[in-house]
Amino acid sequence: MSNATPCALTIAGSDSSGGAGIQADLKTFQELKCYGMSVLTSVTAQNTTGVQGVHHLPGGMIKQQIDSIYSDIRVDAVKTGMIANIEMMEVIAEAISAFQAPYVMDPVMVATSGDPLIEPEARDYLCQQLIPMTTVVTPNIAEAAFITKEKIETVADMKEAAKHMVHGFGAGAALIKGGHLQEAAIDVLYDGNKVHVFETDRISTKNTHGTGCTYSAAITAYLSQGLPLVRAVERSKHYITAAIRHAFDLGYGNGPTNHWAIREEVRQ
């Protein structure tokens, strides 16, 4: 492998149905031309209708996975997804410091189906210890509202919440995803100095399983390639919009996004 090959690492849970989590991240990394690596935190029995079971890996095994990668392969950017408990978070916090690479946090708290994916006491640790380590944190409106304890109903609210996450919680930047608003698909990025708004037409579909994972993985991939944050988010917004536009009507619940859709759009 060439030294010029960008390498991205995802630390997250597994989705047995392949639409979210580690599987979505690695598909995204591959599509966006970076070498993907993974550290598994939890195994879920999961499909488009919900989460039927969860098994968390012990912190020691998570540390061993991280050490194996760190001792052998360069990490150009890292993202975290599902981190269920404080033991995991302590191990990951130590690792993030060692990598000294851009860190994208998708603060996964509930699945698209509504199933909880993080222990209640771990949420405070995530806010107090991990968010200050981020290059960018990428909550949806519900997650941002939980973290900031603010009501978010408008784009103006999103802008204030993003600023709060940077100046109040110490994030390097905050991207508030507005997919749950009833208007256009608007995301708000505050980079510590300026607010950037990314807007696309709303796509009417229930097939949004893994959207948050995929979006944050795309940002991670582009950061691993050395793109500035604003440009990385802009290109990732284009990628996830294509993935939602061509999402699968698969299974009995919320189908997955289409990770290779952007290739089809380029061909057209």
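On a predicted model such as this, the values are computed, not experimentally measured, just so you know.
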Strictly distance-based, threshold 3.5 Å: is any side-chain N or O of [X] a donor or acceptor partner for the main-chain N or O of [Y]?
{"X": "Glu31", "Y": "Tyr239", "value": "no"}
{"X": "Thr205", "Y": "Asn207", "value": "yes"}
{"X": "Asp157", "Y": "Ile152", "value": "no"}
{"X": "Tyr70", "Y": "Ala98", "value": "yes"}
{"X": "Thr138", "Y": "Met105", "value": "yes"}
{"X": "Lys206", "Y": "Gly253", "value": "yes"}
{"X": "Asp15", "Y": "Ala20", "value": "yes"}
{"X": "Glu94", "Y": "Val91", "value": "no"}
{"X": "Glu87", "Y": "Pro58", "value": "no"}
{"X": "Lys163", "Y": "Val195", "value": "no"}

Does a sphere of radius 6.0 Å around [atom1] in [X] hold more than 12 heavy atoms from other residues, nucleotides or ligands, not counting ones at 6.0 Å or beyond?
{"X": "Gln52", "atom1": "CD", "answer": "yes"}
{"X": "Glu150", "atom1": "CD", "answer": "yes"}
{"X": "Glu121", "atom1": "CD", "answer": "yes"}

Just by distance, with hydrogens left out, do [X] and [Y] show a side-chain donor and acceptor under 3.5 Å apart?
{"X": "His56", "Y": "Thr41", "value": "no"}
{"X": "Tyr103", "Y": "Thr80", "value": "yes"}
{"X": "Asp25", "Y": "Thr10", "value": "yes"}

Less than 4.5 Å apart, side chain to side chain, heavy atoms only: is that true for [X] and [Y]?
{"X": "Leu229", "Y": "Leu189", "answer": "yes"}
{"X": "Tyr35", "Y": "Asp76", "answer": "no"}
{"X": "Leu40", "Y": "Met61", "answer": "no"}
{"X": "Met82", "Y": "Thr44", "answer": "yes"}
{"X": "Val43", "Y": "Val54", "answer": "no"}
{"X": "Val188", "Y": "His196", "answer": "no"}
{"X": "Gln23", "Y": "Ser17", "answer": "no"}

Closest approach of [X] and [Y], non-hydrogen atoms and distance?
{"X": "Ala24", "Y": "Thr214", "value": "CB-OG1, 3.8 Å"}
{"X": "Ala8", "Y": "Cys34", "value": "CB-SG, 3.8 Å"}
{"X": "Ser38", "Y": "Ile22", "value": "CB-CD1, 3.6 Å"}
{"X": "Gly19", "Y": "Pro256", "value": "CA-CB, 3.9 Å"}
{"X": "Gln46", "Y": "Ser14", "value": "NE2-O, 4.1 Å"}
{"X": "Gly81", "Y": "Val108", "value": "C-CG2, 3.8 Å"}

Please check if [X] and [Y] belong to a single hydrophobic cluster, counting links between Ile, Leu, Val, Met, Phe, Trp and Tyr side chain heavy atoms closer than 4.5 Å.
{"X": "Leu126", "Y": "Ile141", "result": "yes"}
{"X": "Ile219", "Y": "Val78", "result": "no"}
{"X": "Phe99", "Y": "Leu130", "result": "yes"}
{"X": "Ile186", "Y": "Tyr215", "result": "no"}
{"X": "Ile240", "Y": "Leu250", "result": "no"}

Starting at [atom1] of [X], measure out to [atom2] of [Y] and round the result to the nearest 0.5 Å.
{"X": "His259", "Y": "Phe29", "atom1": "NE2", "atom2": "CZ", "value": "10.5 Å"}
{"X": "Lys63", "Y": "Met88", "atom1": "NZ", "atom2": "CE", "value": "15.5 Å"}
{"X": "Ile203", "Y": "His246", "atom1": "CD1", "atom2": "NE2", "value": "8.0 Å"}
{"X": "Arg245", "Y": "Thr257", "atom1": "CZ", "atom2": "OG1", "value": "13.0 Å"}
{"X": "Ser42", "Y": "Ile62", "atom1": "OG", "atom2": "CD1", "value": "6.5 Å"}
{"X": "Asn254", "Y": "His209", "atom1": "CG", "atom2": "NE2", "value": "8.5 Å"}

Test ring pair (Phe, Tyr, Trp, His ring centres under 6.0 Å) on Trp260 and Phe248 and set out the steps. CA-CA 11 Å; Trp260 67 80; Phe248 292 107; 5.5 Å; yes
Kindly determine whether Asp106 and Lys177 satisfy salt bridge (Lys or Arg N to Asp or Glu O under 4.0 Å), including the steps that lead there. CA-CA 11 Å; Asp106 182 18; Lys177 299 172 294 189; 3.6 Å; yes
Output all residues satisfying salt bridge (Lys or Arg N to Asp or Glu O under 4.0 Å) with Asp187, sequence neighbours left out; order by chain, then residue number. Lys237
Pair Thr241-Ile244, side-chain contact (heavy atoms from CB on, under 4.5 Å): steps then yes or no: CA-CA 5 Å; Thr241 300; Ile244 295 171; 5.9 Å; no
side-chain contact (heavy atoms from CB on, under 4.5 Å) between Ile147 and Ile131, worked out: CA-CA 10 Å; Ile147 293 168; Ile131 286 180; 4.1 Å; yes
Transitive ILVMFWY cluster of Tyr252, excluding itself - 4.5 Å side-chain cut-off: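 The other cluster members (ILVMFWY side chains, heavy atoms under 4.5 Å, direct or chained): none.
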Can you tell me how the ring of Phe169 sits relative to the ring of His164, calling it parallel under 30°, perpendicular over 60° and tilted otherwise?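 Ring orientation of Phe169 relative to His164: tilted.
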As a quick check of understanding, evaluate side-chain contact (heavy atoms from CB on, under 4.5 Å) for Ile73 and Met37, giving each step before the final call. CA-CA 9 Å; Ile73 302 174; Met37 303 170 288; 3.5 Å; yes
Can a cation-pi geometry be assigned to Arg231 and Tyr222, taking NZ or CZ under 6.0 Å from the six-membered ring centre and within 45° of the ring axis?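 Negative - Arg231 is either too far from the ring of Tyr222 or too far off its axis.
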Mark yes or no: Lys194 above the aromatic ring of Tyr190, with NZ or CZ under 6.0 Å from the six-membered ring centre and no more than 45 degrees from the axis.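 That pair does not qualify as a cation-pi contact.
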Using the side-chain contact (heavy atoms from CB on, under 4.5 Å) rule, take Leu175 and Val137 through it: C-alpha gap first, then chi angles, then the decisive distance, then the call. CA-CA 6 Å; Leu175 176 69; Val137 58; over 6 Å; no
